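Within every chain, numbering begins at 1; the chains are lettered A, B, ... in the order of the sequence lines, protein sequences first and strands thereafter. Model, not experiment: these values are computed from the prediction.
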Amino acid sequence: MELNELEKIRVEKIRKLEQFGLVAYPTRANIDATISQASNAFEKAETDEKDQPVEFTLAGRMRSLRVMGKLAFTHIEDSTGKIQLFLRINELGEKLQFFKDFFDIGDFIEAHGSMMRTKSGEISLLVDDFRLLAKAISPLPAAKEEMVDGELVRYTGFSDPEIRYRQRYADLAVNPNVREIFRTRTKIVNALREFLDMNDFLEVETPILQPIYGGAAAKPFTTHHNQLHQDLYLRISFELYLKRLLVGGLDRVYEIGRDFRNEGVSYKHNPEFTQLEFYCAYFDYLKVMDFTEKMIRFAAEKALGRTQFTYNNVEIDLSKPWARVNMRDSILEKTGIDISQYPDQESLGAAMTAKSIQFKPGTPRGKLIDQLVGDYLEPAFIQPTFLYDYPWEISPLAKRKPDDPTTTERFEGFIAGMELCNAFTELNDPIDQEIRFLELGRAYASDDDENNPIDEDYLRAMRYGMPPCGGFGMGIDRLTMLFTDSRTIREVILFPHLRERDSNTEEE
RNA sequence: GGGCGUAUAGCUCAAUGGUAGAGCAGUGGCCUUUUAAGCCAUUUGUUCUGGGUUCGAGUCCCAGUACGCUCACCA
């Protein structure tokens, strides 16, 4: 590994330390409080007007350093906050010189002393002893910041997105707002879990390695089990396994986990992403809509502490019920085309051509409708909106409407023009399900796409009898994007997928 | 996969085809209340990679790589 000049200097410091019989990476730390605990305790002692000194041993990473002749200031940071260390020759004697010689920004330091306020009023630890806890050899990208009128101002930064994602550890270390995004993400997941648990759902885990993939329309990643001589797929959804559990009498189940789709990467697509799916016996899609509103609102309250948030400079309000938009009516309104009048690919295509709407020749009816939705409806769904009643062709796992077999009881939820969730009254009729699978297989064959064999075991499960139920799937990453005002999915995934680098450029 | 853009010091960025620079970081010095500390001095480059044009290329051309935006794809 090639070290640069700065790194060589710091390695040399480690070598010198060892000559003095000291270690750069001691095994144990001996702190007795976190940084926030210490400052809180001191503030309390101040208000209680207690005279005895408040002493602590604290530790953290040095984030700033101001050295004067006979004194020095450094801010240290742990995950609870920042505090200033005040080092003076008065308390430290010649050990101050040791500090000046061997400590750098980025190092982890442990310091003992008593809490005080400096002349400018900042809570600080007046240090009477300290030691190195871990030496940083590589300098962290410089990111200086200060609070001006409550606003965080950053003067230089670590902003190249590529390096930020490739070296997320450094990104997290220098950009507090990035740490905040991932704290919020965890709060969201915890809140969703709490909400579902409160509603008597059972959290389960289903296979990620699947012999037959299904539950969504996406290309899978393929892998192989050597001993069994069997090709396996990384799941593209949880759906078919979770619904098997309803056959088994687990009436309310959910899973939060990773899906893998071998598709294009974009600001809202990552090859692996986190999904929440739940299934609830005796729910239909209307009940799922009500439940979804409550669940998202609950997540916002828990993760953000409020039900309004700003995304892309637009105020989104979750406190009100979501708009509910019928797909047929809405397409008619926006394009003048009544899809119910055009039951096949040819007639709908002709209607679109008559309106000068272009499409790829040979596109099946379902995908034409999908295109109309994507082009004319979705971008307008800024405030939370449920778009409901999808054509059966693109909804092979959803139940048909009792009064209209060409339409299914399915909805998708949108916020800020982005698809967030997908849900339906689940198809529990094994005979209809088999017809749909066969139809789907035909569509795939004509599309010259991946061969997607019928999941016979799923049909067998359904033949045992599946209760009527509602199901729901939501991208956790996208919800996190919304709640953290992130413009790309990579901002909310700790280690997003990036193209592999050449080995010769990978090395420093 | 297509189009457009970007790639220069550890970080953020400059540089008419004519000696590759600044701020911060680093190093040395001064400094007992700083907080983007200050002052003085000072070090650092495969200008993404490989070709080409030219007396001369960070700059122009071609190819490649990565990233960003965008389009396509995406039940």
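Residues satisfying the side chain to side chain donor-acceptor pair (under 3.5 Å) criterion with A:Thr353, sequence neighbours excluded, are absent altogether. Under the side chain to side chain donor-acceptor pair (under 3.5 Å) criterion, A:Thr118 pairs with A:Ser120, not counting sequence neighbours. Applying the salt bridge (Lys or Arg N to Asp or Glu O under 4.0 Å) test to A:Glu91 and every residue at least two apart in sequence or in another chain returns A:Arg88. By the side-chain contact (heavy atoms from CB on, under 4.5 Å) test, A:Thr385 is found to be paired with A:Ala323, A:Val325, A:Phe381, residues two or more places apart in sequence or in another chain being considered. Contacts of A:Asp129 classified as salt bridge (Lys or Arg N to Asp or Glu O under 4.0 Å), with partners at least two apart in sequence or in another chain: A:Lys95. By the salt bridge (Lys or Arg N to Asp or Glu O under 4.0 Å) test, A:Asp171 is found to be paired with A:Arg164, A:Arg168, residues two or more places apart in sequence or in another chain being considered. Considering only residues two or more places apart in sequence or on other chains, A:Asp485 meets the salt bridge (Lys or Arg N to Asp or Glu O under 4.0 Å) condition with A:Arg487. With sequence neighbours left out, the side chain to side chain donor-acceptor pair (under 3.5 Å) criterion links A:Arg490 to no other residue.
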*Dot-bracket encoding per residue of RNA chain B, Watson-Crick/G-U cut-off under 3.5 Å, | denoting interstrand*: (((((((..((((....[..)))).(((((.......))))).....(((((..]....))))))))))))....
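Within residues 409-423 of chain A, the residues having any heavy atom under 4.0 Å from RNA chain B are, by residue number, A:Arg410, A:Glu412.
Pairs of residues two or more places apart, or lying in two chains, that qualify as salt bridge (Lys or Arg N to Asp or Glu O under 4.0 Å) and include a residue from residues 96-109 of chain A are A:Arg10-A:Asp104, A:Lys13-A:Asp104, A:Asp104-A:Lys135, A:Asp107-A:Lys135.
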Write out a two-atom table: protein N or O, nucleotide N or O from nucleotides 27-32 of chain B, distance below 3.5 Å.
{"residue": "B:U27", "atom": "OP1", "partner": "A:Lys13", "partner atom": "NZ", "Å": "3.1"}
{"residue": "B:C31", "atom": "N3", "partner": "A:Gly69", "partner atom": "N", "Å": "3.3"}
{"residue": "B:U32", "atom": "OP2", "partner": "A:Lys70", "partner atom": "N", "Å": "3.3"}
{"residue": "B:U32", "atom": "N3", "partner": "A:Asn90", "partner atom": "OD1", "Å": "3.0"}
{"residue": "B:U32", "atom": "O4", "partner": "A:Asn90", "partner atom": "OD1", "Å": "3.4"}

